[in-house]
Amino acid sequence: MTVRTRFAPSPTGMLHIGGVRTALFCWLYARRHGGAFILRIEDTDRERSTPEAVNAILEGMQWLGLDHDEGPFYQTQRMDRYGEVIQQFLREGKAYHCYCSKEELDEMRAGQTARKEKPRYDGRCRQRKDPVPGVNPVVRFLNPDAGSVVVNDVVHGPITFDSGELDDLIIARSDGTPTYNFCVVVDDYDMKITHVIRGDDHINNTPRQINMLRALGVAPPLYAHVPMILGPDGAKLSKRHGAVSALQYRDDGFLPEGLLNYLGRLGWSHGDQEIFSLEEMTRLFDIDDVNKGASALNIDKMLWTNQQHIMRATPERLAQYLLPQLAALGIETEDLAKVAAVARAQQERARTLKEMAQNSVFFFRDVTTYDEKAAKKNLTAEAAPLLQSVRDRMAALGDWQATKLHELVQAVAAESGAGLGKVAQPIRVAVSGGSVSPPIDVTLEILGRDTTLQRLDRAIAACAA
RNA sequence: GCUCCCAUCGUCUAGAGGCCCAGGACACAGCCCUCUCAAGGCUGGUACGAGGGUUCGAAUCCCUCUGGGAGCGCCA
């Protein structure tokens with residue numbers, strides 16, 4: 001049996017972190033087993049579905065590299081097929097028309113609630129023979145009254161539901177359009193899905209879906225209900241923290257593999273290993289290693305994970321992501337080699353590409369002001385002669401290379417009797433404007449001789465002032 | 001209210017009866033390295049929700065409780 005998984009978001013909002021992780025698990029499982037990953041857009045709710053949301057899903061999946069083998073399929077384009085199955089159910093006596101009005105239903109539920117019962121449809125239209133004039137009926141699925149349904153969940157183990165708990169759910173609205181639980185069943189069947197991997201908020205829908213699958217005469221797929229993701233405070237994900245679009249993480253400077261690694265480690269693990277390449281995760285992932293309990297987002301660890309991936313990425317690849325981050329700061333450059341060099345110099349001191357860009361502005365833009373504290377401490381009368389000496393020697397330096405620059409700075413420090421820091425730090429302030437930068441030799445090499453000399457001159461002048 | 005799910009450091013987790021007076025990671029503190037910031041190394045503190053069983057022995061199995069979550073729509 002070839003594995004076929006699907007990710008089936010509804011385009012009613014953004015693609016958030018929880019959806020991304022579900023998609024990742026589906027994708028990983030399919031890839032691991034050489035199966036197919038199918039993308040399906042569940043847009044039957046025409047009121048709330050938007051083309052923007054569809055695009056955000058597609059774009060997010062593409063950015064993350066979670067490529068699908070089939071689809072995207074849109075439920076709104078499969079209406080004929082749903083209608084066909086509804087007619088079949090009706091014909092076979094597996095579904096029936098219900099003429100109950102909204103008021104009648106409300107009243108029934110109010111009574112049940114008052115009696116402390118679970119609100120559910122009581123099947124009063126099951127026996128009805130004649131249509132009610134002037135009422136467009138809904139179609140309800142006829143659920144078995146007796147027995148039980150057991151969901152053999154891959155992560156939870158067997159879960160048993162008493163059939164009495166399940167009522168006759170509506171599969172077609174009075175306007176004829178099919179509803180969610182029904183569409184899922186038809187789709188999963190038609191698309192030959194073997195493993196339904198989804199959030200565990202769907203556990204309670206599963207027995208109903210299994211009953212419909214049985215009515216269709218087919219064996220249900222394997223189900224794997226993965227735990228939900230909570231906000232950093234342990235409460236439900238809200239807009240305040242994680243429930244932002246996946247694309248927001250891209251804009252915030254996350255690497256796809258960084259985000260995916262963090263999300264993958266939420267609810268899944270492989271011994272003590274924390275950092276996984278996508279290839280490793282694909283090789284190691286197994287759905288029954290997934291935890292049962294919900295897990296809370298931890299932004300610090302997410303940032304740390306991303307940093308680990310930045311450190312492992314090639315400078316060239318980083319440059320590609322750094323470019324738009326620089327552009328966001330108003331820095332347009334064509335010099336890819338320089339951007340890559342900056343990325344290499346910065347890659348172990350940035351948790352996100354955005355942070356890297358922010359800390360690298362001085363590589364691309366003139367230093368016109370100094371950080372006040374840094375200048376006060378380093379651009380002093382005492383530092384002036386050291387900077388002058390450095391400046392003169394640099395002007396005369398043969399090869400403008402980090403190793404040579406390092407020797408030069410070291411020589412000045414040795415001759416002056418001051419520590420290396422006494423020399424390096426003023427240079428750092430001079431060329432970067434602040435007190436933090438990559439190692440000074442590497443920094444100067446990237447900056448080049450002209451820029452360096454010019455910034456040193458300016459700093460020497462500032463020392464006198 | 002009813003049904004279902006879940007429960008190890010603050011957080012993510014390892015742990016499938018003895019290897020655990022519980023291991024790793026993030027965060028935090030201290031130290032080392034060091035031209036800054038990082039990265040890296042070392043050290044430290046903090047957890048098996050509670051109560052009952054089963055067993056020679058339980059974080060691991062069973063029961064009850066407590067706490068959290070989800071579902072109960074002509075939403076998905």
Side-chain angles (χ1 to χ4, degrees), chain A residues 8-13 42-45 47-49 75 98 100 102 105-106 109 112-121 136-140 151 153 156 159-162 164-167 169-175 177 179-181 183-184 199-207 225 227-228 230 232 234-236 262 265-275 291-305 307-308 311 346-351 359 374 378 406 409-410 413 419-429 432 434-441 443:
Chain A
S10 60
T12 52
E42 310 214 322
D43 55 354
T44 50
D45 185 354
E47 305 291 302
R48 298 196 298 150
S49 297
Q75 291 188 323
C98 166
C100 295
K102 185 114 176 83
L105 259 20
D106 285 345
R109 279 192 275 260
Q112 288 163 334
T113 308
R115 270 173 274 128
K116 303 195 171 189
E117 289 168 11
K118 181 176 180 173
R120 49 195 285 287
Y121 183 66
N136 286 325
V138 299
V139 177
R140 287 184 186 272
V151 179
D153 194 281
H156 293 274
I159 306 170
T160 307
F161 292 87
D162 197 81
E165 291 299 327
L166 280 18
D167 62 357
L169 74 157
I170 292 174
I171 59 176
R173 304 181 181 95
S174 48
D175 66 0
T177 58
T179 58
Y180 169 77
N181 275 108
C183 295
V184 167
D200 66 11
D201 48 335
H202 286 287
I203 287 181
N204 291 292
N205 286 329
T206 310
H225 288 98
M228 317 221 63
L230 274 22
K236 203 166 136 185
Y262 175 73
R265 269 291 280 104
L266 227 45
W268 173 81
S269 62
H270 180 74
D272 287 340
Q273 189 171 346
E274 295 288 349
I275 302 301
N291 284 162
K292 299 176 188 186
S295 38
L297 234 40
N298 183 315
I299 306 300
D300 280 323
K301 187 156 184 179
M302 188 157 95
L303 289 165
W304 175 82
T305 305
Q307 177 170 36
Q308 292 296 316
M311 289 191 292
Q346 297 280 39
Q347 73 185 133
E348 62 185 26
R349 60 200 92 237
R351 297 186 300 176
N359 293 336
N378 296 290
H406 181 72
V409 174
Q410 227 166 10
L420 192 52
K422 286 280 185 232
V423 183
Q425 202 56 7
I427 301 175
R428 174 167 285 116
V429 177
S432 77
S435 57
V436 176
S437 87
I440 203 64
D441 48 357
T443 302

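Throughout, a chain's letter reflects where its sequence line sits, starting with A, and its residues are numbered from 1. Because only heavy atoms are used, hydrogens play no part in the values below, and waters and symmetry mates are left out as well, while side chains stay in.
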[N] phosphate, OP1 or OP2: any side-chain N/O from [X] under 4.0 angstrom?
X: A/R109; N: B/rG73; result: yes
X: A/N291; N: B/rA14; result: yes
X: A/K236; N: B/rA70; result: yes
X: A/H156; N: B/rC6; result: yes
X: A/S269; N: B/rA14; result: yes
X: A/Q346; N: B/rU36; result: no
X: A/T179; N: B/rG73; result: no

Under 4.0 Å between any heavy atoms, over every strand shown, what does [X] touch: base, sugar-phosphate, or nothing? Just pick one.
X: A/L420; value: base
X: A/K118; value: base
X: A/Y262; value: nothing
X: A/P438; value: base
X: A/Q75; value: nothing
X: A/G267; value: sugar-phosphate
X: A/S10; value: sugar-phosphate
X: A/D167; value: nothing
X: A/M302; value: nothing
X: A/S295; value: sugar-phosphate
X: A/T177; value: nothing
X: A/I203; value: sugar-phosphate

(request) With a 3.5 angstrom cut-off on both distances, give the Watson-Crick or G-U wobble partner of B/rU11, or none if there isn't one. (result) B/rA25

Closest heavy-atom pair and its distance - [X], [Y]:
X: A/S295; Y: A/G267; answer: OG-N, 4.1 Å
X: A/A413; Y: A/G419; answer: CB-O, 3.9 Å
X: A/L105; Y: A/R140; answer: CD2-NH2, 3.9 Å
X: A/Y121; Y: A/C98; answer: OH-SG, 3.3 Å

Measure distances between side-chain N and O atoms of [X] and base N and O atoms of [N], and say whether any donor-acceptor pair falls under 3.5 Å.
X: A/S174; N: B/rC74; answer: yes
X: A/R428; N: B/rC35; answer: yes
X: A/D201; N: B/rG71; answer: no

What's the [atom1]-[atom2] distance between [X] and [N], to the nearest Å?
X: A/R351; N: B/rC37; atom1: CZ; atom2: C1'; result: 13 Å
X: A/R173; N: B/rC75; atom1: CZ; atom2: C1'; result: 8 Å
X: A/I159; N: B/rC6; atom1: CD1; atom2: C1'; result: 11 Å
X: A/W268; N: B/rA14; atom1: CH2; atom2: P; result: 11 Å
X: A/E274; N: B/rA14; atom1: CD; atom2: C1'; result: 10 Å
X: A/H270; N: B/rA16; atom1: NE2; atom2: C1'; result: 16 Å
X: A/W304; N: B/rA25; atom1: CH2; atom2: C1'; result: 6 Å
X: A/K292; N: B/rA59; atom1: NZ; atom2: C1'; result: 14 Å

(request) Using the closest heavy atom to pick a nucleotide of RNA chain B for each, name whichever of A/H406 or A/M311 lands nearer the 5' end. (result) A/H406

(request) Find which nucleotide of RNA chain B each of A/G293 and A/Q307 is nearest to by heavy atoms, and output the residue with the more 5' nucleotide. (result) A/G293

When the [atom1] atoms of [M] and [N] are compared, how many Å lie between them, rounded to an integer?
N: B/rG17; M: B/rC61; atom1: C1'; answer: 8 Å
N: B/rC33; M: B/rG41; atom1: P; answer: 16 Å
N: B/rA27; M: B/rU34; atom1: P; answer: 23 Å
N: B/rA59; M: B/rA47; atom1: C1'; answer: 10 Å
N: B/rC26; M: B/rG67; atom1: P; answer: 35 Å
N: B/rG23; M: B/rC32; atom1: C1'; answer: 25 Å
N: B/rU13; M: B/rA70; atom1: C1'; answer: 23 Å
N: B/rC19; M: B/rA58; atom1: C1'; answer: 15 Å

(message) Is it the case that the side chains of A/R115 and A/Q112 hold a donor-acceptor pair, with the cut-off being a distance below 3.5 Å and no angle test?
(response) no

(message) Do A/S432 and A/R428 pair up side chain to side chain, a donor and an acceptor below 3.5 Å, judged on atom types alone?
(response) no

(request) Indicate yes or no: does A/R120 engage A/E165 in a salt bridge with an N to O separation below 4.0 Å. (result) no

(message) If you define the side chain from C-beta out and look only at heavy atoms, does anything of A/N291 sit under 4.5 Å from A/W268?
(response) no

